[in-house]
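All remarks here apply to the structure that follows.
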Amino acid sequence: MADLFFPNDMPDFVQETPVKESAVGSSESPKDSLTRLLHLPYKTISERLKKEALDLKETIVKETWGGRGKRVNDYTLYTGALGTALLFFKAYQVTKNQNDLARCSEIIRACRSASQGSGRVTFICGEAGVCALGAVVAKHAGDEQLCDQYLTQFEEIKLPKNLPDELLYGRAGFLWACSFLNKNICKDAISTTRMLQRSVVDDIIKSGRQLAKGRCPLMYEWHGKKYWGAAHGLAGIMYVLMDMDLKPDELEDVKGTLSYMIKNRFPRGNYPSSEGSDSDRLVHWCHGAPGVALTLVKAAEVFGSNEFLQAAIDAGEVVWNRGLLKRVGICHGISGNTYVFLSLYQLTGNLKFLYRAKAFACFLHDKAQILISEGIMHGGDRPCSLFEGIGGMAYLFLDMTEPSEARFPAYEL
């Protein structure tokens with residue numbers, strides 16, 4: 001099991017004390033480069049992270065866009081060009097550089113051409129993500145006509161009847177795109193699909209109740225397995241449902257499902273990847289404690305329940321102890337796991353969690369590129385992508401500049 005993650009030898013907490021550059025390497029300063037970073041003030045670290053992110057952004061766009069002759073083979077947010085577009089949009093939000101916004105818009109246009117007729121309807125892996133991000137970026141660019149075009153195209157998306165319920169390819173992924181538009185354009189930005197949204201919620205609730213069969217209020221299946229995680233299972237679906245206008249009995253089903261998960265977690269605090277699994281190995285956003293932790297933070301806000309607050313904190317301990325993964329990405333890597341601490345910090349205001357986010361980010365800043373080059377750390381099957389590769393690390397580093405506003409991309413709103 002230990003081969004999946006690095007031992008976390010970082011101190012539980014380090015008091016920030018400015019270290020003069022001239023003192024680095026002296027007998028008065030910590031000799032280990034990572035330890036020196038942990039002692040630096042947060043603002044100093046966040047500036048270094050931002051600089052690295054902006055440098056990485058240029059490498060990423062060359063590999064995923066410019067180096068391909070501005071052609072799109074994979075348009076998705078997960079591993080494709082739309083992930084690069086979202087990274088450029090984040091860079092624009094941080095720096096207000098209009099060139100980043102223009103490049104983002106250019107990439108989205110190409111993704112739109114590539115996504116048409118794909119039959120995929122979610123934010124992370126489908127047309128809904130292209131149209132939703134396109135509308136928001138057009139709004140920021142002041143192009144109301146283009147914004148309306150993307151909104152119209154979004155409304156024309158047809159949901160297949162055999163759609164699963166999960167986040168990456170299913171109904172929950174379409175609903176998340178609706179919530180993204182409602183937050184970033186205006187409430188009911190896609191008012192003509194309000195009835196469709198309600199219909200989709202009805203389908204998800206009905207499906208979950210039928211499969212649960214008394215074990216817990218809601219249960220779902222994807223490719224023959226009853227997954228629990230954020231990408232394909234309960235955690236992701238519950239997260240999205242908590243952003244919908246639910247009836248009282250539906251809200252109780254969501255609450256009861258999350259309580260069921262807490263009661264049936266592993267003794268050491270991690271969560272099974274699927275119903276009935278006894279393999280306590282994965283500590284990823286997609287499978288395991290990190291994705292569940294983000295959902296429990298949301299539940300603590302929605303229900304005001306100490307049960308969910310404490311469970312989120314407990315899941316955060318699992319991430320601190322076993323989440324320094326030998327992978328770099330957002331989906332199943334250190335970059336994604338760092339968002340657990342940012343989310344807990346936002347919920348509690350406890351500086352311990354901000355320090356832990358800083359510690360994981362500093363580990364990436366100090367060691368990731370070297371470890372990847374040495375083959376010790378996995379850089380992702382698509383090394384520059386948002387969810388698998390250094391695109392996710394760059395996105396995290398930009399998010400670290402304003403930790404109170406950081407959001408796991410395409411999951412937290």
Side-chain angles (χ1 to χ4, degrees), residues 46-116 118 123-126 129-130 133-134 136-138 140-141 146 327-336 338 361 363-401 408-410:
S46 66
E47 285 299 316
R48 292 190 184 189
L49 296 178
K50 181 172 77 171
K51 182 181 184 304
E52 182 176 355
L54 295 176
D55 290 342
L56 284 172
K57 172 176 67 75
E58 296 308 314
T59 299
I60 291 164
V61 77
K62 286 176 185 175
E63 292 295 324
T64 62
W65 179 243
R68 297 177 180 270
K70 299 184 179 180
R71 293 191 302 272
V72 170
N73 296 320
D74 179 352
Y75 71 84
T76 68
L77 190 88
Y78 190 87
T79 52
L82 195 66
T84 302
L86 187 64
L87 175 61
F88 268 76
F89 185 52
K90 170 57 70 174
Y92 162 73
Q93 290 176 303
V94 171
T95 67
K96 303 305 178 188
N97 186 330
Q98 291 292 328
N99 291 332
D100 287 337
L101 192 66
R103 181 67 62 85
C104 174
S105 183
E106 180 185 26
I107 297 172
I108 292 171
R109 283 197 297 272
C111 289
R112 181 57 192 144
S113 297
S115 69
Q116 289 178 301
S118 67
F123 190 88
I124 296 176
C125 293
V130 179
L133 184 59
V136 172
V137 169
H140 278 266
L146 182 58
R327 290 176 175 267
V328 72
I330 287 279
C331 182
H332 32 270
I334 296 174
S335 299
T338 305
F363 183 95
L364 287 169
H365 174 63
D366 188 55
K367 301 181 182 300
Q369 300 277 39
I370 296 170
L371 292 172
I372 290 171
S373 69
E374 293 174 347
I376 298 171
M377 192 173 187
H378 199 300
D381 294 328
R382 288 85 165 181
C384 288
S385 66
L386 183 68
F387 267 67
E388 289 186 355
I390 59 171
M393 184 172 74
Y395 195 99
L396 167 69
F397 287 176
L398 291 171
D399 248 345
M400 292 289 289
T401 60
F408 191 108

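What you are looking at is a predicted structure, and each value in this text was computed from that prediction instead of being measured.
Ala114 and Val72 get closest at one heavy-atom pair: CB-CG1, 3.8 Å. Scanning both residues, Ala410 and Leu77, for their nearest heavy atoms gives CB-CD2, 3.5 Å. Cys104 approaches Val137 most closely through the heavy-atom pair SG-CG2, 3.6 Å.
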Contacts under 3.5 angstrom, residues 55-63 side chains, donor-acceptor by atom type, not counting sequence neighbours:
{"unit_1": "Asp55", "atom_1": "OD2", "unit_2": "Lys51", "atom_2": "NZ", "d": "3.3"}
{"unit_1": "Lys57", "atom_1": "NZ", "unit_2": "Asp100", "atom_2": "OD1", "d": "3.0"}

Please output the side-chain donor-acceptor pairs of residues 81-95 that fall under 3.5 Å, not counting sequence neighbours, one pair per line with the distance.
{"unit_1": "Thr84", "atom_1": "OG1", "unit_2": "Thr64", "atom_2": "OG1", "d": "2.8"}
{"unit_1": "Lys90", "atom_1": "NZ", "unit_2": "Asp399", "atom_2": "OD1", "d": "2.9"}
{"unit_1": "Thr95", "atom_1": "OG1", "unit_2": "Ala91", "atom_2": "O", "d": "2.8"}
{"unit_1": "Thr95", "atom_1": "OG1", "unit_2": "Asn97", "atom_2": "N", "d": "3.2"}

Would you mind writing out the side-chain donor-acceptor pairs for residues 382-394 within the sub-3.5 Å range, not counting sequence neighbours?
{"unit_1": "Arg382", "atom_1": "NH1", "unit_2": "Glu388", "atom_2": "OE2", "d": "3.4"}
{"unit_1": "Ser385", "atom_1": "OG", "unit_2": "Arg382", "atom_2": "O", "d": "2.8"}
{"unit_1": "Ser385", "atom_1": "OG", "unit_2": "Glu388", "atom_2": "N", "d": "3.2"}
{"unit_1": "Ser385", "atom_1": "OG", "unit_2": "Gly389", "atom_2": "N", "d": "3.4"}
{"unit_1": "Glu388", "atom_1": "OE1", "unit_2": "Asp381", "atom_2": "N", "d": "3.4"}
{"unit_1": "Glu388", "atom_1": "OE1", "unit_2": "Arg382", "atom_2": "N", "d": "3.1"}

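Glu47 meets the side chain to side chain donor-acceptor pair (under 3.5 Å) test with no other residue; sequence neighbours excluded. Applying the side chain to side chain donor-acceptor pair (under 3.5 Å) rule to Ser105 yields the partners Arg109; only residues at least two apart in sequence or on another chain are considered. The ring-ring contact (aromatic ring centres under 6.0 Å, His included) search around Phe397 returns none, not counting sequence neighbours.
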Problem set entry | Intermediate values then yes/no, side chain to side chain contact (heavy atoms under 4.5 Å, CB included), Leu398 and Lys50 | CA-CA 5 Å; Leu398 291 171; Lys50 181 172 77 171; 4.2 Å; yes

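The line from CD1 of Ile124 to OG1 of Thr79 is 11.0 Å long, rounded to the nearest 0.5 Å. Atom CD of residue Gln369 and atom CD of residue Glu52 lie 6.0 Å apart, to the nearest 0.5 angstrom. Between the CG atom of Leu396 and the CG atom of Leu49 there is a distance of 7.5 Å, given to the nearest 0.5 Å. With values rounded to the nearest 0.5 angstrom, His140 atom NE2 is found 7.5 Å from Lys96 atom NZ. One finds the CZ atom of Phe408 at 10.0 Å from the OH atom of Tyr395 (value rounded to the nearest 0.5 Å).
The shortest distance between side-chain heavy atoms of Lys367 and Met377 does not fall below 4.5 Å. At least one side-chain heavy atom of Ile108 sits under 4.5 Å from a side-chain heavy atom of Val130. Here the side chains of Ile334 and Arg327 are not in contact, with every heavy-atom distance at 4.5 Å or above.
Between Tyr75 and the choices Ser118, Ser115, Ser113, the side-chain hydrogen bond (donor to acceptor under 3.5 Å, both in side chains) rule is met once, by Ser118.
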